[in-house]
Number of protein chains: 2
Amino acid sequence: MATTLKDVARQAGVSHTTCSAALRGLPNVSPRTRKKVLAAAQALHYNTNLSARMLRSNHSGLISFVVPDLSPTYYSMLSVELAREATSAGMQLVVQQSQHSASEENSIIGSALSSLADGFFVAPVAHYTDEDLSMLIGDKPAVILGDFTQTTRYDRVKSPNSEGVNSAIQHLRQQGCTSIGIVGGMTDDKEADIPEGSSVLTLQGLRMHAAMDALADLYHENRESIVNERLIDVGWNSDEGIRAANLFMEAGMPYDGLFCLDDEIALGMLHGLHEAGVRVPEQVKIIGFNGIRHSAISTPTLSTVEVDLPGMASAVVSLLRRRIEHPDVETLPQKVTVGTILRARESTAAGNV
Amino acid sequence: MATTLKDVARQAGVSHTTCSAALRGLPNVSPRTRKKVLAAAQALHYNTNLSARMLRSNHSGLISFVVPDLSPTYYSMLSVELAREATSAGMQLVVQQSQHSASEENSIIGSALSSLADGFFVAPVAHYTDEDLSMLIGDKPAVILGDFTQTTRYDRVKSPNSEGVNSAIQHLRQQGCTSIGIVGGMTDDKEADIPEGSSVLTLQGLRMHAAMDALADLYHENRESIVNERLIDVGWNSDEGIRAANLFMEAGMPYDGLFCLDDEIALGMLHGLHEAGVRVPEQVKIIGFNGIRHSAISTPTLSTVEVDLPGMASAVVSLLRRRIEHPDVETLPQKVTVGTILRARESTAAGNV
DNA sequence: CTGAAAGCGCTAACAT
DNA sequence: ATGTTAGCGCTTTCAG
């Protein structure tokens with residue numbers, strides 16, 4: 001059996017209340033008592049039982065990051081930043097994977113998590129309605145990675161999809177591309193058709209829409225024909241990137257610039273093209289999105305729209321803190337859009353196309 | 001306020017005890033009552049408060065994976081497999097990062113975790129003594145990723161370092177290498193000097209030792225001179241891999257085969273050499289370890305000793321289940337060494353050296 | 001098959 | 001500055 005507060009109290013010769021106060025550093029404990037208690041706790045290897053603390057006081061010092069899964073390097077890099085931020089704010093990050101299942105996600109948010117953590121940060125896989133979300137999250141401090149079609153009660157943090165998409169496309173044009181295609185769809189989202197009434201888009205959906213809009217604008221066509229003619233619709237991972245490369249070549253390489261919605265896709269694409277002897281950037285220029293670390297060391301190195309992950313992490317944690325520390329204050333929901341920077345690398349170098 | 005068992009009980013017109021039994025699927029509840037309770041729970045969006053359950057019954061259905069940090073793709077891939085395994089065993093995985101800090105690791109294991117999770121899996125950063133570990137973990141079911149210099153009470157799962165190292169080196173020799181060097185050290189471990197009395201080695205330490213032994217054997221030298229003459233001592237990430245490439249070139253490229261203790265190092269190495277115009281595998285052959293997914297799509301593709309991650313995950317979860325489900329039975333500690341497969345790819349292709 | 005009572009370990013409110 | 005009391009929401013034990 002683990003040692004409890006009572007054991008420490010007995011050892012130190014004080015009541016368990018005083019003991020608790022001493023350990024938590026509350027002001028109303030005499031230095032002498034505190035020292036005794038600390039010594040006893042140390043000697044007995046006491047550790048607070050977080051379940052008990054949470055049950056009683058509704059705070060555990062944990063914040064949870066709910067993510068589809070940790071495969072995308074983007075999410076694992078973000079986890080690292082979030083953990084760092086959380087720790088420096090005196091909290092601990094835990095990461096949970098919904099495994100792309102909406103029901104798993106629901107159960108994580110609803111039960112596993114909300115009764116253990118002080119707040120959470122979700123990169124949703126499901127397309128929630130406003131009502132769904134409120135039902136699920138209740139009063140818990142939460143930050144959503146993504147955007148809403150209607151305003152709601154929750155804080156949001158997002159990467160600047162339109163700006164990022166535009167700067168990527170502009171970059172391709174500056175480097176001499178005249179016909180640009182998009183790689184990456186929404187196929188990873190469990191419900192391909194967005195259900196009636198849903199008001200939350202996932203990261204994939206948001207970025208895809210932004211890309212479609214940008215191209216529709218550029219080529220003066222409607223979104224639908226862009227989808228039909230300029231989209232290579234694949235999942236967001238490197239295997240799908242390889243598949244995209246094959247689709248592109250089978251179609252006779254109709255574009256001289258490819259914007260991949262995610263770096264993992266782009267890296268797969270680079271590999272697929274290289275295998276087939278297609279030269280990048282000479283025959284086709286490639287740019288990705290997110291700025292994962294492997295993009296800096298691929299051959300050729302991958303141009304990308306790098307997302308400010310430390311900035312995102314710090315925004316998330318401060319939004320959560322704001323609500324955790326002042327749960328009573330009516331706080332209006334806030335939307336933070338983090339910055340990006342365009343990393344121009346070899347994969348889009350100008351030259352004979 | 002979230003709905004509690006009492007609310008559901010009132011709504012269903014039964015006692016909270018019966019309610020609890022019904023929800024947990026215990027046998028001694030009439031079908032009629034169960035249906036009523038389930039309906040009420042659904043209507044009220046009831047979710048079990050895990051803190052309360054854990055506090056009372058000492059099981060939460062959570063298992064925790066404690067990892068230095070999620071940067072290495074190896075750990076994020078493993079997290080995905082562990083989550084899958086846990087879910088199919090009816091549990092939920094949570095991942096916590098110690099951020100390479102022994103004290104952080106201690107506090108995660110000691111407090112955050114042991115009072116919340118049914119069991120845990122640790123890839124330690126600290127070099128624990130037997131006693132430390134027992135103190136910290138107590139009776140909690142735990143699986144350690146790594147090995148011990150003395151037998152202890154805990155289950156262990158490890159990648160087959162000696163076998164993997166040997167097969168990598170043998171492969172390099174078969175491909176025509178005559179002078180082999182090792183890339184990667186133990187510098188990530190916080191305590192570079194292993195403290196007196198420590199009996200647990202970290203993953204890095206284990207693999208490094210295995211590699212030193214293998215080369216000592218091959219070249220009939222003692223371990224110390226191998227360390228001095230055949231080790232490029234860098235950290236386990238791609239930036240350090242680039243640095244290693246520079247060190248290697250500055251030293252006049254003294255080896256024709258390089259075994260990188262981790263794929264991330266190898267990928268950085270590949271990049272560094274490519275930048276400098278050194279051709280792989282023609283001028284030097286490179287092989288990595290772990291089998292992360294990016295190794296299959298680099299240029300050149302990277303030969304590697306791929307670790308059976310699904311196998312490792314399933315071993316971990318079944319070891320934990322064994323103890324979680326039979327906490328009273330005295331179970332002897334078990335050591336599972338998972339399999340590897342050598343993936344021969346372009347980076348070690350035979351040819352004119 | 002169902003319910004009443006006790007208590008997991010802690011913290012909050014209220015004495016002293 | 002310290003102790004006493006109550007109770008967070010659940011599961012367990014035991015009585016009906």
Side-chain angles (χ1 to χ4, degrees), chain A residues 1-37 40-41 44-62 110-116 118 138-139 327-328, chain B residues 1-37 40-41 44-62 110-116 118 138-139 327-328:
Chain A
M1 216 46 227
T3 40
T4 74
L5 204 52
K6 244 161 100 181
D7 302 325
V8 180
R10 193 179 314 115
Q11 171 98 0
V14 296
S15 78
H16 67 278
T17 312
T18 307
C19 203
S20 168
L23 288 170
R24 282 182 294 153
L26 297 192
N28 52 341
V29 177
S30 76
R32 253 193 81 244
T33 310
R34 165 157 298 129
K35 229 178 104 189
K36 268 195 309 193
V37 170
L44 298 174
H45 300 278
Y46 171 75
N47 281 306
T48 316
N49 181 322
L50 272 194
S51 289
R53 166 178 293 172
M54 183 67 194
L55 182 58
R56 183 66 238 226
S57 67
N58 267 305
H59 84 95
S60 58
L62 260 33
S111 131
L113 190 156
S114 61
S115 47
L116 297 178
D118 294 347
D139 287 335
D328 38 344
Chain B
M1 217 46 226
T3 39
T4 73
L5 204 50
K6 241 161 103 181
D7 302 325
V8 180
R10 194 180 316 116
Q11 171 99 0
V14 296
S15 78
H16 69 276
T17 312
T18 308
C19 203
S20 169
L23 288 170
R24 280 181 295 151
L26 297 192
N28 53 342
V29 176
S30 75
R32 253 193 83 246
T33 309
R34 166 158 296 130
K35 228 178 107 189
K36 268 195 310 190
V37 170
L44 296 175
H45 300 278
Y46 171 74
N47 281 306
T48 317
N49 182 323
L50 274 193
S51 290
R53 166 176 296 171
M54 183 67 193
L55 182 58
R56 184 66 240 235
S57 66
N58 269 306
H59 84 97
S60 59
L62 260 32
S111 129
L113 192 156
S114 62
S115 47
L116 297 178
D118 294 347
D139 287 336
D328 38 343

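Computed from a predicted structure; not experimentally measured. Below, chains carry the letters A, B, ... as their sequence lines are ordered, and counting in each starts from 1. Just the heavy atoms: all of them, side chains too, but no hydrogens, waters or symmetry mates, feed the values below.
- Spacing between atom CZ of A/Arg53 and atom C1' of D/dG7 amounts to 17 Å, rounded to whole angstrom units.
- Sorted by residue number, the members of residues 28-35 of chain B with any non-hydrogen atom under 4.0 Å from DNA chain C read B/Asn28, B/Val29, B/Ser30, B/Thr33.
- Taking CG of B/Leu55 as the start and CZ of A/Arg53 as the end, the distance is 13.5 Å to the nearest 0.5 Å.
- Computed from coordinates, the A/Leu116 CG to C/dC10 P distance equals 16 Å when rounded to whole Å.
- The distance from atom CE of B/Met54 to atom P of C/dC8 is 15 Å, rounded to the nearest whole Å.
- Two residues are said to be in side-chain contact when any heavy atoms from C-beta on lie closer than 4.5 Å; A/Leu50 and A/Leu116 fail this criterion.
- Look at CG on A/Asn47: it is 14 Å from P on C/dG9, rounded to the nearest Å.
- Counting only heavy atoms from C-beta outward, the side chains of B/Asn49 and B/Thr4 never approach each other to under 4.5 Å.
- If you find the closest nucleotide of DNA chain C to B/Ser15 and to B/Ala52, the one lying nearer the 5' end belongs to B/Ser15.
- Going from atom OH of B/Tyr46 over to atom P of D/dG9 covers 10 Å, rounded to whole Å.
- Contact annotation: the side chain of A/Asp7 never approaches that of A/Gln11 to less than 4.5 Å [non-hydrogen atoms, C-beta and beyond].
- A 4.5 Å side-chain heavy-atom check between B/Leu23 and B/Val37 finds at least one atom pair inside the cut-off.
- A/Arg34 contributes atom CZ, which lies 11.0 Å from atom OG1 of A/Thr18 (distance to the nearest 0.5 angstrom).
- As a whole-Å value, the separation of A/Leu5 CG from D/dC8 C1' is 16 Å.
- Nucleotide D/dG9 holds its C1' atom 11 Å from the CG atom of B/Leu50, rounded to whole Å.
- In this structure, B/Thr18 and B/Leu55 both approach DNA chain C, and ranking their closest nucleotides by distance from the 5' end singles out B/Thr18.
- Between C/dG3, D/dG3, C/dT11, one nucleotide has an atom nearer to the side chain of B/Val14 than all others, and that is C/dG3.
- Distance check, rounded to the nearest 0.5 Å: CG of A/Leu5 to CG of A/Asn47 gives 12.0 Å.
- The two atoms that bring A/Cys19 and A/Ala9 nearest to each other are SG-N, 3.7 Å, heavy atoms only.
- When the C1' atom of C/dC8 is taken as reference, atom CG of B/Asn49 falls 13 Å away, rounded to whole Å.
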N/O contacts under 3.5 Å, protein versus nucleotides 12-16 of chain C?
unit_1, atom_1, unit_2, atom_2, d
C/dA12, OP2, A/Arg24, NH1, 2.9

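- No hydrogens or angles considered: a donor-acceptor pair under 3.5 Å links the side chains of B/Arg24 and B/Ser20.
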